Asker: 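Please see the structure below; I have some questions.
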Amino acid sequence: MDGFLGLSLEIGFLCVVGSVVLAFVRLVKGPSLQDRVVALDFMTVAIVAFCGLAAVRYATPAFLDVGLVLALVGFLATVALARFAERSTVRNRKESRDE
Amino acid sequence: MNSIILRAGTRYLAGLLLVFSIYMTLRGHNEPGGGFIGGLTGATGFVLYAIACGTQDARAALRVLPQTIAIWGLGIALAAGLFAALFGDALFTGQWLFIGATEDDKGLPLSSVLVFDIGVYLVVFGSILTLVFAMEEEI
Amino acid sequence: MSWLLALPVVIPFLTAVFAFLTRQSPLGRWVSVGGSTVLLVASIVLMNAVLREGVIAGQMGQWPAPFGITLVADLLSAVMVLITAIVAVAVSIYAIADVDEGMERLGYHALFNMLIAGVVGAFITGDLFNLYVWFEVMLIASFGLLVLGGRPEQIDGGVKYVALNLVSTIMFLTGIGLLYGMTGTLNMADLASAVDTADQRLLTVIAVLFMIAFGVKAAVFPLFFWLPASYHTPAFAVSAVFAGLLTKVGVYALLRTFTLIFDHDTAFTHTILLWVAGLTMVVGVLGAAAQTDMRKILSFHIVSQIGYMILGLALLTPLAILGAVFYLVHHIIVKANLFLIAGVAQRIAGSTELARIGGLYKSAPFLAILFLVPAFSLAGFPPLSGFWAKFLLVKAALDDQGWIIAGIALAVGLLTIYSMTKIWAQAFWEPHPDGVEPTLSTLSSRDRAAMLVPIAGLAALTVFIGVMPDPFVEFARASAEQLLDPSAYIAAVLGDQP
Amino acid sequence: MNAFGLNIILAVAWVGFTGSVSLTGLISGFVIGYGALWLIQPLIGTSSYFRRVTAWIKLIIMFHYELIVSSLEVAFDILTPRHRARPALIEVPLDVKTDTGILLVTNLISLTPGTLSIDVSEDRKTLLVHAMFADDPDALRKSLKDGMERWVIDAVEGS
Amino acid sequence: MSEIIAGGLIILGGVFAVIGGLGLLRMPDVLIRMHASTKIGTLSTGLILAGCAVVFASPDIVIRAVAIMLFILLTAPIGAHMMGRSVVSTGVPLWKHEDVPQNEVEQKLMEEHDVPQVSNKS
Amino acid sequence: MEFLFAITIGVLVASSVYLMLSNHLLRFIFGLVLISNAANLTIFVAGRLTDGAPPLIPEGADAPLGDIANALPQALVLTAIVIGFGLFAFAIVLVFRAWTSLNSLTPDDMRLAEPEEAHK
Amino acid sequence: MAGGFPTETRGNGLTGTVPILFAAALFAYFVSMVPTIAATDIIRVSIPWVPSLGIEFAFLVDGLSLTFSLLISGIGTLVLLYSNTYLAGHPQYARFALFLTAFMVSMLGLVLADDLILLFVFWELTTITSYMLIGFSHESKKSRRNALQALFVTGAGGLAFLAGLILLAAVSGTTSISGIIAQGDALKEHAMYLPILILLLAGTFTKSAQAPFHFWLPNAMAAPTPVSAFLHSATMVKAGIYVMARMHPAMSGTDVWLWTLTIFGAVTAIFASLLALRQTDLKQALAYTTLMALGTLTLFLGQESGYAMTAFATFLVVHSLYKASLFLVVGCIDLSTGTRETDQLAGLGRLMPITAVAAALAALSMAGFPPFLGFIGKELKYAGALAVASEPVLVAGAALLSNSLMLAVAGVVAFRPFWRGTVPSGQSPREAPWQMWAGPIILASLGALFGIYPDLLQTTLINPTVISLTGEVEEAKELKLWAGFNIPLILSIATFVLGLLIYARHVQLRALLARVFAALPNLDNGWDGFLDGFKNFAKLQTAFVQNGKLSSYLFATFLTIAAGILLTLVYTGMPFIDVDLSDVEWKHASIALLTISGAILALFTNSRIAGIAALGVVGIGIALIFIVFSAPDVAITQLLVETLIVVLVSVVMLRLPSLPKAEFRLGHAALSVAMGVAVSLTLIAVVSSPLELRLTDYFEATSWPEAYGRNIVNVILVDFRALDTFGEIAVVVIAALSAYALLRTTRKGGQS
Ligand code: NA
Ligand code: NA
């Protein structure tokens, strides 16, 4: 794929991947449990965008299906981890702050 | 989980996930999807339900024991394979019925393969819920 | 024809489904017994067909090989299925007495039948990836059965069992991926010729990977740790079926793949196997000698005796393979039976720890006789099945001028005698430390029948094989021939395909 | 049987008529059915249905407007070296009653950058919001109530 | 023309994605980072999907793109709410600008959840 | 490309082996997830990589147009992922049980099945 | 057992009578064969048993086997008769009779078998049944120990024996014994002759308790006395002798054969006689004289001359008769007085006259006095010894010494208790019931009968036996009481003199011997040491290998894998590796890097949440790989599963403690890297050559036309490979049920 669309797709990929990398840095740094989860959540959404880009790039709408599923279920992990954070902190406040 | 927001969202999402999961299952033979993906998605709906409203409510909504669903799924998948015996074919030979088929168009396909995929769906759905409900209750 | 092959896999699954749906009532256990019996009938029919018509293959879904999944039964597969069915019948009857209602409600019978389904599937499939799937069915069912009951030592044993078996499973999967990446096929008969055009050096590497993956399943040195760590912990019916069948699936897989697919550099691979065989025999038997619990002793002996079967494969002569097949069949019957007997000992004498029991010879002579048969068979005394098994392998080793390995096999046989007599002396001859006289009459009549009938049946089979070995030897010879010259197998699977 | 359900039935009927089983078919059926219902509105008395659809459209448009504007605001803060944010946790009284309404309000508040719904109190009367630019909490409260909540009430709970 | 629009949307989406990522990285506390990531991430994905819809320009794809957006709009805030709630209830230290003093709500929460000293550096 | 991902798989394997050796069950679980992923990826890579052409047959065609990705390894990987999930699910429950009934997550301290010999 | 004979002397009813009648019938049956065999005919029956291995159910009756059979069944009958009273009312008598009868039948099978493998079967059966008999008093620790010892020693020999038999069969091309013998000298010239001989002798020497494998035999006295009588007279220990005799025609005549048998036999004979003299327990003393007899028999078998063979045949019968008789007598004494210690026995002759007579008759035969068969046996011994080609003086000397000692022992056992002193206080001995004295009397009388009428034995058994032994090369020498005034007679006289001297001084000698043997290493104690050592070694090894630590198990497993792959790579030479990075896009590289970074984060973090998040990153990375490389179905599944994994872990972690800080382990790190390298290298090598796409091509071509599906992956899953998928969903169900069971299982009653 070339032309303007091709170029913008390359830029799009670069940006999305770049944002994932930035999120990864946050994930590594933490410091709070929630920071890491938020970073992971952000990555999930970025993957949806990636799917959209891939669908265009390879002219394959099938990739949108990947995004579709992820958009629906991706947040479940966030919810579960948030619940973990809340509940485990009730048990041990100090511990989860340091996670 | 005593979150009003989550519970309210779950009302829509759980249903949405279920409907979506069936959609994914039925289209699986021709586009990405299928019984696994469907079952996993459907289960996610009830997992969310269980997280938001507790397993008691989720079990009540499901009405049937999840392990029963799973084992029925296995039975259905097996039956889909055994169905071929009626036609003298080998185990898991796909049997197709094309409703309103014409020269060019295959019409509306009904097949043992689809039944198999539904079995797969039920197995995955039931199994994951068996596991998640039990874990939620033990912890 | 394909249904002959499909039914042995289908029946236990159907049984599992029904057993699960009836798990809350006593019906469940009868479903299990009935299902196993039907399986036995099906496997007899299959065996009959294989004897009459040679190797038979069936294409599932009617897709031609190597594209679809082929189920194949040669003599080895057929006999393994048959033995599995026999053990299944025996254990499902035994379970009536041994498995409590709590376990039944949690789906014991369903899990058990799924395990059997997995074992049968593994024996009968002609597809490498499908073999992986059956391995997994078997493995995960065994996980469940192993920890059913939830006593802490079960959990502990379970952790080790699960951890190590998962590693093996993943290596197997990796191996399949790599082999597919080299040859582009998964059908084992097709692989037999496809590997010829592949890079032979690389193939050896893959062969070693498979050897290790199956080696863990088969519990050979130095990959057997999971077995002695766990086999003494679950219900007796469970450990009996584990002891009888699970490691044999690994041995079967080794036998199958290292005669059909990986026979390109036997000087290397089978020499490794020979070393493995020797070390496995010795380390296992020494392990047994160090134990003081009946089931632990028996568990280590599984390891030791797997060594004999590997020895047969390693020598790769017709007689050696014959011996390995004979040993395989004999060992399943005998070892399962010994674990069942240990269960009776536990029930009537209160333990399997040798120091804490005794007096069984005096007060339970019938049990004593039932123990002696498999125990002496395991130790290789004539005229029991184990004698012929040992005889054939030692003869094969001597014929092949494997003096040292033959010596090891014989010496290990002696140490096996030592272990068996240790159990005998301490559990049967020695008086019970608490002064009680354990008798079978403490069992309810239902339990007595449920426990002793299968034990007696298996013991009778052991004696029968021992006294009338000829048909079995003939059979083993024929299956060894099929293994060493797989052309019939390949032709049955691929037909006129290239 | 409310009007929405009727509309769905019409859509399905449309699919049946055309024989094209696809999402496109279904949606075109829905739109056509909507038109049909609107025409026969006096006959079946479904005026609130149409009013609400209008409110929904307004909600969607206003939401996107808010989303873009406040996104730019936040983006600006991210891209400039100094932190302009004046974060605070504030409580907003809630008038919206139904679950759906609460969900919509909180979601939309969360989706517009600068504000994040943290939690709804047990009695459903107050919403805890984290605001990024909370120099004037009262003004913020008012804008949330008159903006997002009003639109939602119109769309969901209006009669 | 549609290619230009699509390309523009995609680039814009990409830029927002990076901004979201940057926000996640450099905003001072977790709640503010969530402002950046949840919303801007959503926006960025929406833009890219819009571009996608424009390229394919078939109802099928448009519906799918819209569905994805709807799903994200439905789920992302719920996730954010759960996270935010856990931040507050577990007492993760929050950043405070000196211009905005701690209000009653915050003080109440601090006591309720045993929050350590709220940091106050910029 | 395969080369690149073979290296990636190597790193995954190495990390997971280290984690599995760590004598802590939670780390073991982490390692298990990683090594399962590595195995799945191995099959995928061994089936060769093709970008941008999913194994789908377009409407109206009888067979795929042009080169598409190898479908078989995809099916195998799918199967392997689901099986891996089943194994993982059991493993994590087992770890949980180990903690509640043995009160330990360090398997080397679990000596119920194989008690330490009292030295004679 | 002490305190007199059982009050219930009628025996054990049917369980007692049936075996006696059975044994008697067998004896009668063998007697009926005597005329045939005496006419130097043989009887052979054979039916195929394991034709596929050429093994037959073949039996051969010739002189040798008939002699043995008669002894076994005859003595067996008497022993059973005796036991029925001896153990009257014993709760486990039925088992005893069963084992004893089984033992007798096994022994008969052993001596009649004409097939190597069949012979071995019976050989092992005698081992098993004797194990059960020796351990009959199983509640005593000593019994159990000694039974194990006997089993272990003879079992060990048996295994060597088996190896020998297998080699012998392989070399001869047949398992038929008569077939092998018919092959003449071929075997002796075969390269495998020596190994075969060594292995066979290892079996026979242990079974017939040749020094230094003798230690188990006296310990086997733990068995009830009738068992000892049976085992040590005609059976068990003679099994080894029998086999050497049987193989004599095929294997004797070489230097190895000659010297091995001669030396072992002579040493055993002398050594055992000295030990016999040392004993104070009557049964022990008899046990050692058995050893002496076995040594002597072995010594004869080493030779080839007709004298030696005749001596062998005669002494075999002699010994069986008197030894069985004496053991039974000792049993009577034991039951009657409650002791078997010589010091505590005296003056029994008047109170137990019949027993005393039986003892005297047997002892005289044993001591070699005329006109007993023992005398003839002894004469032949000397004649045989002198006929030895190489070292006649040495052999004769050994024979002289052992015979003298034997005479002394006979006195100690059968003379002293009856005819000297008075009954000690506290004992009230009385005569044994007839069932118990019948055996000794009959056996002892036979010794006298054959002594007086040697022809009776000569024609019926000795001649045919010698033919069996020599293969008709040598003729049997004539048995006669008076063979003229010759060197053997002189030696006989010397024996009497020396023997009587020893008897007169035996108490002092015993003390001396006790000191000497105390200084010698004791193999019986050695056995305990060996067993302890073995157990300790086993424990040590097992503690090392199976140390109970999962981390060691995993380390060993991974080490095996890594070493297996890497060493094989080295062994085979590195396969072709194609490093092709030309088609790598930055996207691929960054996805790979992301995945790797996730893995490394999971590796190093001490935070559980970071760990889970890292797994999530890896999952995302892998999903991206699936997306980029055209696998949408897989990518969806991967993401769904990854999500569920996070959910499950987060649920479980609610109850788990946080991660401890990980310490860096260099060994682990090295192994991990090795594993990674191994997998990477192999995979790279695999993908360096092109892939055959036959299967995929077929799927692509048929997916729509034949399976009506456009998503090829799904069609493979639900149609082409539906069985895989079925198995897979079975795994999922089972996993769920298993996990459910595991979660619920510890609740009370096993169910919620
Ligand atoms: Na004991
Ligand atoms: Na700023």
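Just so we're clear, the structure is a prediction, and the values are computed from it rather than from any experiment.
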Asker: Does any heavy atom of chain C fall under 4.5 Å from the side chain of M192(G), the backbone, both, or neither of them?
Answerer: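 Contact with chain C is through the side chain of M192(G) alone.
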
Asker: If I measure from the heavy atoms of chain C, does V733(G) come under 4.5 Å with its side chain, its backbone, both, or neither?
Answerer: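 Contact with chain C: side chain only.
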
Asker: Can you check whether F387(C) reaches L162(G) side chain to side chain, under 4.5 Å on heavy atoms?
Answerer: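 Side chain of F387(C) against side chain of L162(G), heavy atoms only: contact under 4.5 Å found.
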
Asker: Measuring only between side-chain heavy atoms, which start at C-beta, is L737(G) closer than 4.5 Å to L111(C)?
Answerer: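 Yes, side chains in contact.
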
Asker: Just by modelled atom types, is the P66(C) backbone N or O under 3.5 Å from a matching donor or acceptor in the R694(G) side chain?
Answerer: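 Answer holds: no.
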
Asker: Just by modelled atom types, is the G68(C) backbone N or O under 3.5 Å from a matching donor or acceptor in the R721(G) side chain?
Answerer: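 No, because the side chain of R721(G) does not come within donor-acceptor range (under 3.5 Å) of the backbone of G68(C).
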
Asker: Tell me which of these, F472(C), Y108(C), F224(C), has more heavy-atom pairs under 4.5 Å with chain G than the rest.
Answerer: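 So the answer, after comparing F472(C), Y108(C), F224(C), is F224(C).
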
Asker: Could you check which of L164(C), T204(C), D199(C) has the highest count of heavy-atom pairs closer than 4.5 Å to chain G?
Answerer: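 Heavy-atom pairs under 4.5 Å are most numerous for L164(C).
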
Asker: Look at the side chain of D470(C) and the backbone N and O of S52(G), then say whether any donor-acceptor pair between them is shorter than 3.5 Å.
Answerer: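 A pair under 3.5 Å: yes.
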
Asker: So what's closer than 4.5 Å to chain C heavy atoms on E139(G): side chain, backbone, both or neither?
Answerer: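 Contact with chain C is through both the backbone and side chain of E139(G).
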
Asker: Where on L683(G) is there a heavy atom nearer than 4.5 Å to chain C: the side chain, the backbone, both, or neither?
Answerer: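 Both backbone and side chain.
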
Asker: Does the ring center of F120(G) lie less than 6.0 Å from the ring center of F391(C)?
Answerer: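 Distance test on ring centres: not under 6.0 Å, no.
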
Asker: Quick check for you: among A288(C), A16(C), P228(C), A406(C), which has the greatest number of heavy-atom pairs under 4.5 Å with chain G?
Answerer: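 Winner by heavy-atom pair count: P228(C).
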
Asker: Is chain C contacted by the side chain of L540(G), its backbone, both, or neither, given a heavy-atom distance below 4.5 Å?
Answerer: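 The answer is neither part of L540(G).
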
Asker: To the nearest 0.5 Å, what is the distance between CG (D724(G)) and CG (D127(C))?
Answerer: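 The CG atom of D127(C) is 6.0 Å from CG of D724(G), to the nearest 0.5 Å.
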
Asker: With chain C as the partner, which of K535(G), E728(G), R144(G), Q92(G) has the greatest number of non-hydrogen pairs under 4.5 Å?
Answerer: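 Looking at each option in turn, the highest pair count goes to R144(G).
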
Asker: Side chain, backbone, both or neither: which part of V687(G) has an atom under 4.5 Å from a heavy atom of chain C?
Answerer: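 Interface part for V687(G): neither.
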
Asker: Are F67(C) and F720(G) an aromatic pair, judged by ring center distance below 6.0 Å?
Answerer: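 No, ring centres 6.0 Å or more apart.
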
Asker: Nearest 0.5 Å, please: how far is CG in L723(G) from CD1 in I69(C)?
Answerer: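 That separation rounds to 5.0 Å.
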
Asker: What's the spacing between I561(G) CD1 and I212(C) CD1 if we round to 0.5 Å?
Answerer: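 Going from CD1 on I561(G) over to CD1 on I212(C), the span is 6.0 Å.
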
Asker: Roughly how far, to the nearest 0.5 Å, is CE of M171(C) from CZ of F558(G)?
Answerer: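 Result: 6.0 Å between the selected atoms.
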
Asker: T560(G) and side-chain contact (heavy atoms from CB on, under 4.5 Å): which partner among L223(C), V216(C), V208(C)?
Answerer: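 Answer after filtering L223(C), V216(C), V208(C): L223(C).
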
Asker: Run the ring-centre check on Y131(G) versus W429(C) and record whether the distance is less than 6.0 Å.
Answerer: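 Y131(G) vs W429(C): aromatic centres under 6.0 Å.
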
Asker: Tell me the closest heavy-atom pair linking L286(C) and A538(G), and the distance in Å.
Answerer: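 Shortest heavy-atom contact: O-CB, 3.3 Å.
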
Asker: Check step by step if side chain to side chain contact (heavy atoms under 4.5 Å, CB included) holds for L691(G) and Y180(C).
Answerer: CA-CA 9 Å; L691(G) 173 65; Y180(C) 171 76; 4.2 Å; yes

Asker: So for P365(C), is it side chain, backbone, both, or neither that comes closer than 4.5 Å to the heavy atoms of chain G?
Answerer: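 The answer is both parts of P365(C).
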
Asker: For T572(G) and R201(C), work out which heavy atoms get closest and say how close.
Answerer: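 That would be O-CD, 2.9 Å.
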
Asker: Can you name the closest pair of heavy atoms from R95(G) and K362(C) and give their distance?
Answerer: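 The pair with the smallest heavy-atom distance is NH2-O, 3.1 Å.
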
Asker: Given a strict heavy-atom distance threshold of 4.5 Å, which part of L531(G) is in contact with chain C: side chain, backbone, both, or neither?
Answerer: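 Just the side chain, heavy atoms under 4.5 Å.
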
Asker: Just so I understand: if I count every heavy-atom pair under 4.5 Å between each of L202(C), V147(C), L319(C), D265(C) and chain G, which residue has the most?
Answerer: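 Among the listed options, the one with the most contacts to chain G is L202(C).
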
Asker: Are L159(G) and K390(C) close enough, and set up right, to give a side chain to side chain contact (heavy atoms under 4.5 Å, CB included), and what steps lead you there?
Answerer: CA-CA 10 Å; L159(G) 291 168; K390(C) 186 174 72 180; 3.3 Å; yes

Asker: Heavy-atom distance under 4.5 Å to chain C: side chain of R145(G), backbone, both or neither?
Answerer: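 R145(G) has no heavy atom closer than 4.5 Å to chain C.
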
Asker: Which region of I565(G), side chain (C-beta onward) or backbone (N, CA, C, O), has a non-hydrogen atom less than 4.5 Å from a non-hydrogen atom of chain C, or is it both or neither?
Answerer: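 Contact with chain C: backbone and side chain both.
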
Asker: Using non-hydrogen atoms and a 4.5 Å limit, figure out which bit of T696(G) sits close to chain C: side chain, backbone, both or neither.
Answerer: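 Side chain of T696(G) only, per the 4.5 Å heavy-atom cut-off to chain C.
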
Asker: Nearest heavy-atom pair of L695(G) and G184(C): which atoms, and what distance?
Answerer: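 L695(G) and G184(C) have their closest heavy atoms at CD1-O, 3.7 Å.
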
Asker: I need the L384(C) CG to E124(G) CD distance, nearest 0.5 Å.
Answerer: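 CD of E124(G) is found 11.0 Å from CG of L384(C).
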
Asker: What part of L179(C) lies closer than 4.5 angstrom to a heavy atom of chain G: side chain, backbone, both or neither?
Answerer: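 Contact with chain G involves no heavy atom of L179(C) at all.
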
Asker: Measuring heavy-atom distances to chain C, does W123(G) have an atom under 4.5 Å in its side chain, in its backbone, in both, or in neither?
Answerer: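 When you check distances to chain C, no heavy atom of W123(G) falls under 4.5 Å.
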
Asker: Please determine, among A739(G), P51(G), A735(G), the option with the most heavy-atom pairs under 4.5 Å with chain C.
Answerer: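 Maximum pair count with chain C is reached by P51(G).
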
Asker: Has the side chain of K160(C) got a donor or acceptor atom that lies under 3.5 Å from a matching backbone atom of G548(G)?
Answerer: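 Yes, because the side chain of K160(C) sits within donor-acceptor range (under 3.5 Å) of the backbone of G548(G).
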
Asker: Can you tell me which portion of I55(G) sits under 4.5 Å from chain C's heavy atoms? Options are side chain, backbone, both or neither.
Answerer: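 Just its side chain gets close to chain C.
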
Asker: Just give me the residue among V467(C), T197(C), L145(C) that pairs up with chain G most often, heavy atom to heavy atom, under 4.5 Å.
Answerer: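 Looking at each of V467(C), T197(C), L145(C) in turn, V467(C) comes out on top.
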
Asker: Mind telling me whether F225(C) and Y553(G) have parallel, tilted or perpendicular rings, with 30° and 60° as the class edges?
Answerer: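 Parallel: the ring planes of Y553(G) and F225(C) meet at under 30°.
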
Asker: With a 4.5 angstrom heavy-atom cut-off, is it the side chain or the backbone of A169(G) that approaches chain C, or both, or neither?
Answerer: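 Contact with chain C: none, neither part.
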
Asker: Inspect the contact between E430(C) and K141(G) and indicate whether a charged nitrogen and a carboxylate oxygen are less than 4.0 angstrom apart.
Answerer: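 E430(C) and K141(G): not salt-bridged.
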
Asker: So, for P383(C) and L125(G), which heavy atoms are closest and what is the spacing to 0.1 Å?
Answerer: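 Shortest heavy-atom separation between P383(C) and L125(G) comes out as CD-CD2, 3.8 Å.
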
Asker: Taking the inter-plane angle between the rings of F268(C) and Y571(G) on a 0 to 90° scale, is it parallel (under 30°), tilted (30 to 60°) or perpendicular (over 60°)?
Answerer: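 Geometry flag for Y571(G) against F268(C): parallel rings.
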
Asker: Just how far is it from atom CG of L209(C) to atom OG1 of T568(G), taken to the nearest 0.5 Å?
Answerer: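 So the gap between those two atoms works out to 9.5 Å.
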
Asker: For each of P222(C), G380(C), G407(C), G107(C), tally heavy-atom pairs with chain G at distances under 4.5 Å, and name the one with the top tally.
Answerer: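 Top count of heavy-atom pairs under 4.5 Å with chain G: P222(C).
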
Asker: Apply the test side chain to side chain contact (heavy atoms under 4.5 Å, CB included) to residues V283(C) and Q541(G): give CA-CA distance (whole Å), side-chain angles for both, the deciding distance (0.1 Å), then the verdict.
Answerer: CA-CA 8 Å; V283(C) 174; Q541(G) 186 240 233; 3.6 Å; yes

Asker: Nearest heavy-atom pair of P382(C) and I128(G): which atoms, and what distance?
Answerer: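 Heavy atoms of P382(C) and I128(G) come nearest at O-CD1, 4.1 Å.
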
